[in-house]
Q: 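Please find one structure pasted underneath; my questions will follow.
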Amino acid sequence: MNVIRQLNSEAVTADGLDDGIQRAIDWLADNQEKEGFWVGMLESNSCIEAEWILAMHLLGVKDDPKYDKVVQAILNEQREDGSWAVYYQAPAGDINATVEAYAALRAAGFKADDVRLAKARNWIFQHGGLRQVRVFTRYWLALIGEWPWEETPALAPEMIYLPSWCPLNIYDFACWARATLVPLTILSVRRPVKPLPPASRLDELFPGGRENTDYSFPDTEKGLAERFFLVVDWFLKKYSRLPVQFGREKAISLCLEWIVRHQDYDGGWGGIQPPLIYSLVALNVEGYALTHPVISKGLDAFNPPWAYEKNGGTYLQCSESPVWDTLFTLLALFESGCTFEGTPMMRPALDWILGKQITRWGDWQVKVRGVRPGGWAFERANTAYPDVDDTALALVVLSEARRHLEDTAAVDAALERAEEWILGLQCKNGGWAAFDRDNNSVIVTKIPFCDFGEVLDPPSVDVTAHVVEALATLGRDMHDPVVAKALRYIRSEQEPEGSWFGRWGVNHIYGTGAVLPALAAIGEDMRAPYVRRAADWLVAHQNADGGWGESCASYMDDSQRGRGPSTASQTGWALMALVAVASPDYDGAIRRGLDYLLSCQKAGTWDEPQYTGTGFPGYGVGERTNLKEIGATLGQGCELARGFMLNYNMYRHYFPLIAMARARRYLGLAVQPCRPELTAAAEFDFEPLRGRACG
Ligand SMILES: C=C(C)[C@H]1CC[C@]2(C)[C@H]3CC[C@@H]4[C@@]5(C)CCCC(C)(C)[C@@H]5CC[C@@]4(C)[C@]3(C)CC[C@@H]12
């Protein structure tokens, strides 16, 4: 056995690490799609299936072959206490998910006295009843005749008239909120209702009778802007009752046009579920029949690859991650020492990625002029919304690919356009957001409709760090003005204890895991005190089993930062960060982390039921300040169980692999860099180092 540096912790051997890396590479070879990409399922919560069931009722689709298995997926996720939650092992259920799942099961024909529904109903009552649900859930209930439209926030399709410089124009909303808002404005003024059949009505959720139900929102503190929008809401409702509304029909047809123009070639909208489902319902309400190609293509978008099978159920993804997963997989292979010649799976993946660069119009152009398109989206068919994170990662991967290719023309052209695009998207404060530049008009967050999460797309540290790393691979350094501004932004966001918040991954381990490798890549002095503080924070949060973990609850409770059962992806992020610091002071922690990964690897990969991806870190602005109130109204644990969380099924694979490959180089442990000629995982009779609770 080739043991290079002997440390206090149990030895991670060169052979052990090589074997682990090779088994992970073999797993990738076995799991590549025939078109060349990789994709892991993106798990979220049962609202996605529940809303599909309700939409099928509204659209009158009776014969979809996956219907029963989608119902099964909802049933699979019910918790012991009767509720549905928004992430694995959340300390409590979620009122919106529970009410939506309940309504969907009733729509699917389940009787109110079914024991599963009785349990769910009790949970709903114990947690404040229907009054506690968010705006989206209220719209769904209104569509099926269970909530008065009058008691939902009014939206005006006339917003489509507002030019892009005018406050509250649709381009002031984050792209995900915009693409959802446009169809919802139509529904809000048309107020369609298609009640469930009499035996499926939700009477039992109104124990005091519908007439005595309080449909208002639970009291929250209202500032001037919130009060102003309540007046606007009142006015819009009155206006809608007038016999004529000047310009409304034209506004509706402009909204419809906008929707149809934004449909992707896979039938979806914006690569995410909310615009897809609301657009279908709104188009149908406006007379688009099920046989209309826009609708039939849209309905088809809910089939595979968006639908996947698990535990006898058919689950529907809220989005899909083939571009992101393929880029990280390629990066992992490069880091492991694989080459195009020796590793046949790499070239088709690169070609697939090159074919996904977006060179046509997108919504981002409304605010960013004079920049050529050239970004990548997260999903396979989302051409109007390239995002900065995927594009930054593509820059890193293509720069690396370039070093291995003889003919670099195609890659060079892609890199040039992508660099131009990404530079054009830098925000005023030096950071980068996910999709747009300077999308920070706080006034839109005050609209009553906006309680569902984030409606703005401000810069985030993790995306900015990925861009800095990309700019480093393009040859820029810390003195470059674009980079210097970005670094100032990153430093200004560091928490006093040394970590960085994770916007798109859970949570401070993700943020810190993004920043430290970027700093190393751009040439920062990794002995700088602020860097050491971050590394020390990571070491202080290493679990006794050698891994790292942080629960989604950390978004709601600061005391949970950096705490949680170890997971493969979060251990990968922490290791990537510590390896980037490259100080012998952290070698022990690195070895313990590697030991954790090696001993938890099963058949080449890792289990990870925990959610380590973030969609929305909580609900709405300002909620982190009234946790006690939320707990008191909704019940113990609910305040820690909110947001929109994600389980990226490939995070558990490529992040540990990248970490192991980088650590192997750093610790000088390589026996052999990449051995692609060995494909069968069975070649290794791998013995875990010792028993641990993994996954
Ligand atoms: C590449 C990434 C890791 C990030 C960068 C931003 C994304 C592309 C995400 C954008 C937001 C959506 C989402 C929150 C928008 C509203 C509807 C959903 C809740 C269904 C969405 C869930 C997926 C995202 C978080 C995202 C597409 C995932 C990848 C992101």
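Residue indices begin at 1 and follow the sequence shown. Here the structure is a predicted model, which is why all the values come from computation and not from measurement. The analysis underlying the following values was restricted to heavy atoms, covering all of them including side chains, and did not include hydrogens, waters or symmetry mates.
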Q: Heavy atoms, side chains only, cut-off 4.5 Å: are Val463 and Trp504 in contact?
A: yes
Q: Is there a side-chain hydrogen bond (donor to acceptor under 3.5 Å, both in side chains) between Gln317 and Gln273 once you walk through the steps?
A: CA-CA 8 Å; Gln317 296 184 85; Gln273 178 264 8; over 6 Å; no
Q: Side chains of Tyr385 and Ile272: closer than 4.5 Å at any heavy-atom pair?
A: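 No - every pair of side-chain heavy atoms lies 4.5 Å or more apart.
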Q: Indicate yes or no for a side-chain donor-acceptor contact from Asp462 to the backbone of Gly502 under 3.5 Å, with no hydrogens or angles considered.
A: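 Side chain of Asp462 to backbone of Gly502: no pair is present.
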Q: With under 30° as parallel and over 60° as perpendicular, where do the rings of Phe501 and His508 fit, or are they tilted in between?
A: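 Answer is perpendicular, since the angle exceeds 60°.
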Q: Indicate the atoms forming the closest heavy-atom contact of Ser336 with Leu657, along with that distance.
A: OG-CD1, 3.6 Å
Q: Assess whether a salt bridge exists between Asp436 and Arg178, defined as any Lys/Arg side-chain N lying under 4.0 Å from an Asp/Glu carboxylate O.
A: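 Salt bridge present between Asp436 and Arg178.
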Q: Is the shortest distance from a Lys or Arg side-chain nitrogen in Arg380 or Glu33 to a carboxylate oxygen in the other one below 4.0 Å?
A: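 Judged by the 4.0 Å cut-off on N to carboxylate O distance, Arg380 and Glu33 do not form a salt bridge.
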Q: For a ring-ring contact (aromatic ring centres under 6.0 Å, His included) check, start with the C-alpha distance between Tyr88 and Tyr611, then their side-chain angles and the critical distance, and finish with the verdict.
A: CA-CA 6 Å; Tyr88 175 75; Tyr611 282 36; 7.4 Å; no
Q: I'd like to know whether Glu335 forms a salt bridge (charged side-chain N to carboxylate O under 4.0 Å, His left out) with Arg664, so could you lay out the CA-CA distance, the side-chain angles of the two residues, the decisive distance to 0.1 Å, and finally the verdict.
A: CA-CA 10 Å; Glu335 297 282 354; Arg664 174 168 73 175; over 6 Å; no
Q: Would you please test Trp364 and Trp421 for ring-ring contact (aromatic ring centres under 6.0 Å, His included) and show each step?
A: CA-CA 10 Å; Trp364 58 273; Trp421 185 77; 5.7 Å; yes
Q: Applying side-chain contact (heavy atoms from CB on, under 4.5 Å), run through Trp38 and Leu28 and close with a yes or a no.
A: CA-CA 8 Å; Trp38 285 269; Leu28 288 172; 4.0 Å; yes
Q: So do the side chains of Thr614 and Asn507 get within less than 4.5 Å of each other, counting heavy atoms only?
A: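 No, too far: nothing below the 4.5 Å cut-off.
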Q: So Val260 and Tyr288, do their side chains get closer than 4.5 Å, heavy atoms only?
A: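 Yes, side chains in contact.
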Q: Please determine if Asp19 and Arg23 form a salt bridge, counting it only when a charged side-chain N lies under 4.0 Å from a carboxylate O.
A: no
Q: For a side-chain hydrogen bond (donor to acceptor under 3.5 Å, both in side chains) check, start with the C-alpha distance between Gln22 and Asp26, then their side-chain angles and the critical distance, and finish with the verdict.
A: CA-CA 6 Å; Gln22 189 56 49; Asp26 293 338; 3.0 Å; yes
Q: When you compare the side chains of Thr339 and His404, does any donor N or O come within less than 3.5 Å of an acceptor on the partner?
A: no
Q: Taking ring pair (Phe, Tyr, Trp, His ring centres under 6.0 Å) as the criterion, tell me which of Phe655, Tyr651, Trp573 meets it with Tyr510.
A: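 The option that passes is Trp573.
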Q: Side chains of Asn649 and Glu43: do they bring a donor and an acceptor to under 3.5 Å?
A: yes
Q: Judged by modelled atom types alone, do Thr612 and Gln570 share a side-chain donor-acceptor pair under 3.5 Å?
A: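 Their side chains do not contain a donor-acceptor pair, so the 3.5 Å distance test is not met.
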Q: Do Trp52 and Glu49 have side chains that get closer than 4.5 Å, going by heavy atoms?
A: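 No, every pair of side-chain atoms sits at 4.5 Å or beyond.
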Q: Check Lys602 with Asp607, please: is the shortest side-chain N to carboxylate O separation under 4.0 Å?
A: yes
Q: With heavy-atom distances below 4.5 Å as the criterion, would you say the side chains of Val388 and His466 are in contact?
A: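 They are not in contact (no side-chain heavy atoms under 4.5 Å apart), so the answer is no.
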Q: Do Ile590 and Leu575 make a side-chain contact, defined as non-hydrogen atoms from C-beta onward lying under 4.5 Å apart?
A: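 Yes, their side chains come closer than 4.5 Å.
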